[in-house]
Each structure stands twice: as C-alpha cells, then as structure tokens.
Protein chains: 2
Amino acid sequence: MRNYKNQKKILLAVDCIIFGFDNKNLKILLIKRDFEPEKGHWSLMGGFIEPDEAIDDAANRILNDLTGLDNVYLEQLRAYGAVDRDPFERTISIGYYALIPISDKTILNKEFSAKWFNIADAPKLIFDHSTMVANAMARLRRRALGKPIGFELLPEKFTMKQLQTLYEAILGEELDKRNFINKINALDILLKTEEKDMNSSRKGSFLYTFDEVKYRRKVEEGFSFKL
Amino acid sequence: MRNYKNQKKILLAVDCIIFGFDNKNLKILLIKRDFEPEKGHWSLMGGFIEPDEAIDDAANRILNDLTGLDNVYLEQLRAYGAVDRDPFERTISIGYYALIPISDKTILNKEFSAKWFNIADAPKLIFDHSTMVANAMARLRRRALGKPIGFELLPEKFTMKQLQTLYEAILGEELDKRNFINKINALDILLKTEEKDMNSSRKGSFLYTFDEVKYRRKVEEGFSFKL
DNA sequence: TTTAATAAGTGCAATTTTAACACAAATTAA
DNA sequence: TTAATTTGTGTTAAAATTGCACTTATTAAA
C-alpha cells in the first residue's frame, strides 16, 4: 500500500446464479460457454465489469443480456479470488444470485444456449461455479428463514400448495401442511382471491397474491422462521 | 463478454474491519491514512491485491502488516464497487472482518498510526468505510447467534462475566445473567478451571477456557441462539 | 345418477423453549 | 466486626413449536 502508483490492475468479472421455480422444483439457469477456456461446458452466466460501471450495474447488465429482464431481484454473494480459478487469466469474480420467474414470456437470448436445470441435476460447472451455486443455495435457504420469499419466484397468483412447495424446494425438507399455513398466515402477507386454480385438483384450490406493501415491510423487518 | 481480449482491468483492494474486545467494549482498529486522497483521515486498514495473490492471502498479508499476527480469524464480507467510491481512481474493494485479541503482546506497526476505537465512538471514516463497518457489525451479530464466538476475542482464560459482556457488546443489548449462563452451559463448550480471577470482585470468579474441540465442532454445526 | 378418487382445507393438545425473576455466599476493605 | 461488592444458583409462567386425522368439494368413471 502507501499509494496507488505501480499497483497492478486485475480482471474483474461477475457471475450470476439465476434461480427460478417451475412450481415443482427450484432451478438454475446455466449457459453453454462459447469461448475458450472450457468452451462448450456448462457455466453460470457471467461477464466482465467495465471500468466505469458499478458492480451491481454490471450484474444487472449481464442478467439482462441473457434474459431481457430488468428490475430483477439480485443480491451480491461474495467475491471469488483464488489465483488459478480461471486458468486462462487471473480473474476475480463477484457472485450474484438472482430470483426470476420461469415464464413463457421471458425470452432467453439464444446466443448463450441457456437451459434451466434442477439444482440436483445440474451438470458439472466450469471453474469454481459449482461452489458459487452451493454458496448461493445456502444463502437462499438462510434468506427464506429470515424474510418472506416467493414474490420474485412465483406467478402473480399462486396456490398455498405452490408456496409450500417453493419453501420445501429451498429448504430441502418436507413441511407439514397445516403448520405451514398457520405460519404463513401469521405473517399476514397474503391476500386470498376469490379465484380457484382448477388444474391441480378436482376440488380446486384458492389462489393467493402477495400484499406487496406488507410483504416489503416484512422483508425490511425480517423475522426468525422456524418452519 | 465473449472473450478476454480488450477487457479492461481494475484496481482491486482489500479493507479490513478489525474487531477486538477489551473486556468491556467491542472495538475496531483504525489507521490514520498517510497518503492522498484523504490523507490524515481515519480509515480501515487496507491494501491492494497483487495479480498473483489470492484475495484471502491479501487480506492476511494486510492484517499482518499492521498487527504482526498470523492465523487470525478472517472472513470475507462482500465487495464494494460503486464507481466513485474512491475519488482518486476507480477501485473495487473487498471487505474482510477480523477478530483479534487486544493484547499487550501485539505490537502494532507504528507506520500506520493505528488506534483502537469503541464502535460507538469511532470517527467518520473515509470513502465507504463506515458502511463496511456497519455491515461487519451486522455480520458479527448474526454470527454470534449462529455459532460460538469468543475464542478469537477473549484471553485464554476468562470469566463468565467477560463472556457475557462480549455477547452484550456484539448484540447491543443487555442479557439476563442466569439465562445467559444456562444457555452457554447448554452448549457444552466451556471448561471450568480451578482458578479464580480476583480482580473483578472480592469474592472472585471462576475462570473458564474453551474446550477447543467442542467449540470447533459447534462452529461447524451451528445453532440457533436466542439470547 | 351414483360412486370412487383426489387434493384442499381445517384445530387442538402435548411438548419444548424462552423469559422473567431474587436472594444467599464469599471475600476483602474499612 | 461490619459494610460493600460481585458471584452464583432454580423455578415458574408464558409462548412457540410440533405432531397428528378427518371432512369437504369436485369431477371422472362406472
């Protein structure tokens, strides 16, 4: 240290762990890398940070490049900086995890040959990307226990079952239906609509939406959820 | 993205939030910056990352530069990357927080004019360093609720009172003595020695040490502490 | 039209965890 | 000998969590 002169600069990248939920499983969006090294292998979506670009902006840009989406839920995980993590050239990467809905409306940029994978079925990833995914999963799990989750991952209207399945997918364990409903209701963030979803059962199940104001308030406050 | 050519490199730094405990208050170690910009102002200890150096190694090196200590508890916080966070030159910084004992044996490198401050009394810091400290505090608080803490911050032998005071300093609230002792004992990580510390009271209070094996096991396992 | 099948919807009791609380014991300085 | 100080110790009430089973609505099939 002492001053800025003679300090060497380093390549800086962002890699995005993009989570989605298909009403059944938690998934991640991976791309097939089209340049060396590791060309043709599965990878997180990533890109380099420009000198005049905030890290958060770079993450948003990179995510938009792939999905066309803006205003996505995006949160920094941490920096990954082993010297040889990228064998081609020293690159430090900052991991971000994103939550997006899996929707027909979202058109993925063809250029990247992206594909959704169930977390459990994900292929081997390049570099330290598998570590990033594992870290992101742990982070998402912690987040689900301390703040409401689902707004970013579920369709606008959803059934109680879907919400429970989402929690189960994130936490990796089965939850008791009655206890789950009691706890979610205690949070007071849901609005029950008059509508029923008739696809899942003969009886049909009521659709809910999030009360966005209350939801956001709970996100701020946080809580300690024992599901 | 697409390839590595024409990608611009960026200056990368590490800044350390160094926590200590003087048996009374939680403190942070700050330095007086001796170069521009912001020369003469209080700052976190920091330095640049070398091209052939892992980020973790850089953090250890920088901490060692100031304290002479090795094998310090050091954990990455996150990366700070606003474009103008350092007005002199675009620099992305990765924050690390460290836990070290405040001891007479530790000789601080004079060159940095370092000084311990109570968290509450800390001066205004340069750049976004105050944000880093706030983030580190929040992280430390969360850590204290999920894993044992104290091994890195307390002297080898300590009283129950000291441990409680440490928790109170980290959590920022007073704790009930009896409940605290019950919970700590339930963790089963302490060894009671025969010795008493006679400084704090006429009666004297028993000294404890950590059972390092059990302590480390609990660090791995984690728990959910409601103090 | 009746019956069978399916998932939705609903509450309570037992257990565990957490929170609140006060006084006696040991020691030394006055 | 007395006063002052901090240590050390359990119980009880309240709150949170867990485990558990039957009825309802509806449609597809018989």
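Order of the sequence lines sets the chain letters (A, B, ...), proteins ahead of strands, with each chain counted from 1.
By the 30° and 60° cut-offs, the orientation of the rings of Phe151(B) relative to Tyr215(B) is tilted. Between Trp42(A) and Phe117(A), the angle of the ring planes goes over 60°, which puts this pair in the perpendicular group of the 30/60° scheme.
With the nearest nucleotide of DNA chain C identified for both Lys226(B) and Met198(B), Lys226(B) has the one nearer the 5' end.
Under a cutoff of 6.0 Å and an axis angle of 45°, Arg216(B) and Phe210(B) do not form a cation-pi pair. Cation-pi geometry between Lys192(A) and Tyr208(A) is not met: the NZ or CZ atom fails to fall both under 6.0 Å from the ring centre and inside 45° of the normal.
What separates CG of Leu227(B) from P of dA19(C) is a distance of 9 Å, to the nearest Å.
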Seminar exercise, completed: With sugar-phosphate taken as primed atoms, P, OP1 and OP2 and all else as base, the protein-contact string of nucleotides 8-16 of chain C at under 4.0 Å (heavy atoms; B, S, -) is BBBB-----

Problem set entry | Chi angles and distances behind the side-chain hydrogen bond (donor to acceptor under 3.5 Å, both in side chains) call for Tyr96(A), Asn60(A) | CA-CA 9 Å; Tyr96(A) 275 74; Asn60(A) 275 296; over 6 Å; no

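Here the range on DNA chain D touched by chain B, meaning any atom under 4.0 Å from one of its heavy atoms, is dA4(D) to dG10(D).
Between the side chains of Asp197(A) and Thr159(A), no donor N or O sits under 3.5 Å from an acceptor N or O. A donor-acceptor contact closer than 3.5 angstrom links the side chains of Tyr80(A) and Asn135(A).
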Under 3.5 Å, sequence neighbours excluded: what are the donor-acceptor pairs made by side chains of residues 66-73 of chain B?
residue  : atom : partner   : partner atom : Å
Thr67(B) : OG1  : Leu63(B)  : O            : 2.8
Thr67(B) : OG1  : Leu69(B)  : N            : 3.1
Asp70(B) : OD1  : Asn64(B)  : ND2          : 3.3
Tyr73(B) : OH   : Glu75(B)  : OE1          : 2.4
Tyr73(B) : OH   : Arg143(B) : NE           : 2.7

